[in-house]
Number of protein chains: 2
Amino acid sequence: MPDRTDSLETIQRELTKFARRARATAARMHPELSLVSYTLLTHLQDQQGCRATDLAAHYLLDKSTVSRQVAALEQLGLVERRVDPEDQRVQVLHLTEHGTRTLEQVTASRRTAFQQRLADWDEEDLARFAAYLLRYNASA
Amino acid sequence: MPDRTDSLETIQRELTKFARRARATAARMHPELSLVSYTLLTHLQDQQGCRATDLAAHYLLDKSTVSRQVAALEQLGLVERRVDPEDQRVQVLHLTEHGTRTLEQVTASRRTAFQQRLADWDEEDLARFAAYLLRYNASA
DNA sequence: CGGTCAAGTTGTACTATACAACTACATGCG
DNA sequence: CGCATGTAGTTGTATAGTACAACTTGACCG
């Protein structure tokens with residue numbers, strides 16, 4: 001078995017390799033929805049709507065970045081803003097019908113890509129890999 | 001145990017989460033060396049020098065992108081070009097002394113960050129996680 | 001030799017991003 | 001109440017990274 005240092009080195013190298021490719025791959029797969037846009041939409045879906053500030057905090061993005069991303073998503077008709085009646089400063093963001101459908105399509109095709117890529121993994125390895133990734137990300 | 005679909009979903013979600021954060025984290029950690037520059041330098045180190053075209057092919061980047069990255073690294077004195085005597089079109093890229101030292105520093109501090117983050121993982125989990133990442137990336 | 005191919009550079013454009021300055025609204029204290 | 005301070009979001013500006021297309025230079029083959 002490799003020792004601790006070897007494993008750390010490998011983890012670092014392979015995660016880096018993955019990160020480098022991810023955006024480009026995502027962009028090629030879905031020219032219509034960047035990795036960032038995609039994750040913002042999934043967050044809106046999971047949270048059933050949230051504020052721009054929440055997105056910025058959750059994804060460690062500047063609020064100006066989120067503001068522009070949201071503006072673009074709104075232009076595309078994927079997202080809509082509803083002013084919070086409790087606080088006029090706040091815009092609660094929601095997926096539109098079109099946004100929901102688009103997200104479903106992209107999610108489906110991403111899922112297919114992952115399925116193919118992991119087709120020859122057995123169920124136990126998949127479960128363990130998933131658990132490790134969760135644990136890793138949770139430690140951030 | 002989660003079923004196959006659950007695991008695939010988790011893997012997809014967690015890898016995406018990681019990818020989204022990686023660049024920003026790397027940038028904060030090492031303002032002097034972006035994730036891309038860092039990986040280009042490590043490739044030069046591993047390969048003991050290579051051509052710009054090789055970098056482009058390996059990292060799925062356009063040759064113009066690599067050309068500019070390399071120009072920047074040369075400006076910083078991290079990389080030098082040596083025209084291949086066999087073929088005047090080719091520039092073989094090498095780390096400079098300064099490049100080697102800078103890369104070592106960044107690598108060391110990245111290693112420390114990973115060590116801290118994975119400090120409470122036991123050796124077996126690390127080895128397995130490393131193996132899964134290797135296997136995953138190899139399937140690309 | 002001349003045509004075709006390969007390596008690399010440069011022009012141009014676009015996206016994602018940050019930071020700073022600003023507007024609009026909210027809230028709480030004197 | 002009314003101003004001070006704080007929060008949500010937008011806009012101006014700048015930068016990095018990237019792609020694609022057009023170009024230059026050199027290699028190689030028939």
Side-chain angles (χ1 to χ4, degrees), chain A residues 16 19-41 44 49-76 78-94, chain B residues 16 19-41 44 49-76 78-94:
Chain A
T16 302
R20 206 185 342 93
R21 290 189 189 150
R23 258 169 223 243
T25 308
R28 282 181 239 283
M29 229 166 102
H30 300 292
E32 80 283 11
L33 207 58
S34 75
L35 188 60
V36 172
S37 300
Y38 175 75
T39 53
L40 296 185
L41 292 185
L44 290 184
C50 72
R51 300 177 307 160
T53 298
D54 299 334
L55 292 176
H58 198 258
Y59 296 117
L60 301 178
L61 294 170
D62 191 81
K63 58 190 177 156
S64 64
T65 302
V66 173
S67 172
R68 286 182 234 263
Q69 291 284 333
V70 168
L73 292 172
E74 192 187 25
Q75 278 291 313
L76 293 170
L78 302 174
V79 156
E80 65 182 12
R81 324 185 192 208
R82 304 182 195 152
V83 172
D84 183 345
E86 306 285 285
D87 183 342
Q88 306 277 136
R89 290 170 307 178
V90 171
Q91 302 175 356
V92 183
L93 306 171
H94 291 272
Chain B
T16 302
R20 206 185 342 93
R21 289 188 188 150
R23 258 169 222 245
T25 308
R28 282 182 239 282
M29 229 166 103
H30 301 290
E32 80 283 11
L33 207 58
S34 75
L35 187 60
V36 172
S37 301
Y38 174 75
T39 53
L40 297 184
L41 292 184
L44 290 184
C50 73
R51 300 176 308 160
T53 297
D54 299 334
L55 293 175
H58 197 259
Y59 295 117
L60 302 179
L61 294 170
D62 191 81
K63 58 189 178 160
S64 64
T65 301
V66 174
S67 173
R68 287 181 233 263
Q69 290 284 332
V70 168
L73 292 172
E74 192 187 25
Q75 278 290 313
L76 292 170
L78 302 174
V79 156
E80 66 182 11
R81 323 186 193 207
R82 302 182 196 152
V83 171
D84 184 344
E86 307 285 286
D87 183 341
Q88 307 276 138
R89 290 171 308 181
V90 170
Q91 302 176 356
V92 183
L93 306 172
H94 291 271

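In what follows, every chain begins at residue 1, and chains take the letters A, B, ... in the order their sequences are listed. Just so you know, these numbers use all the heavy atoms, side chains as well, and skip hydrogens, waters and symmetry mates.
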Could you state the atom-to-atom distance from CD of A:E74 to C1' of D:dT10 in whole Å?
-> 13 Å
Rounded to the nearest Å, what distance is computed from the CZ atom of residue A:R81 to the P atom of nucleotide D:dG9?
-> 9 Å
In whole angstrom, what separates B:D84's CG from D:dA27's P?
-> 10 Å
Does D:dG9 have OP1 or OP2 sitting under 4.0 Å from an N or O in the side chain of A:T53?
-> yes
Which heavy atom in B:Q69 sits nearest to a heavy atom in B:L40, and how many Å separate them?
-> CB-CD1, 3.8 Å
With a 3.5 Å cut-off and no angle check, do the side chains of A:S34 and A:S37 form a donor-acceptor pair?
-> yes
Between atom CD in A:Q91 and atom P in C:dA24, what is the gap in whole Å?
-> 14 Å
For B:A52 against B:V66, the heavy-atom pair lying closest together = O-CG1, 3.6 Å
Would you mind telling me which of C:dT9, C:dA26, D:dG9 lies closest to the side-chain atoms of A:D87?
-> C:dA26
B:R51 CZ to C:dT9 C1', in whole Å, measures 16 Å
Would you give a per-nucleotide map of nucleotides 13-23 of chain D, 5' to 3', where B means the base has a protein non-hydrogen atom under 4.0 Å away, S means only the sugar-phosphate does, and - means neither?
-> B---SSBBB--
Heavy-atom pair with the smallest gap, counting every atom of B:L93 and B:R81 | CD2-CG, 4.0 Å
For B:T39 and B:V36, which heavy atoms make the closest approach, and how far apart are they?
-> OG1-O, 2.8 Å
Nearest-Å distance for atom pair CG/P, residues B:L55 and C:dA6 | 19 Å
For atom CZ of A:R82 and atom P of D:dG9, their distance in whole Å | 15 Å
If you take atom types as modelled and just measure distance, does the side chain of A:R89 reach the base of D:dT7 with a donor-acceptor pair under 3.5 Å?
-> yes
What's the shortest heavy-atom distance between A:L44 and A:H94, and which atoms?
-> CD1-C, 4.4 Å
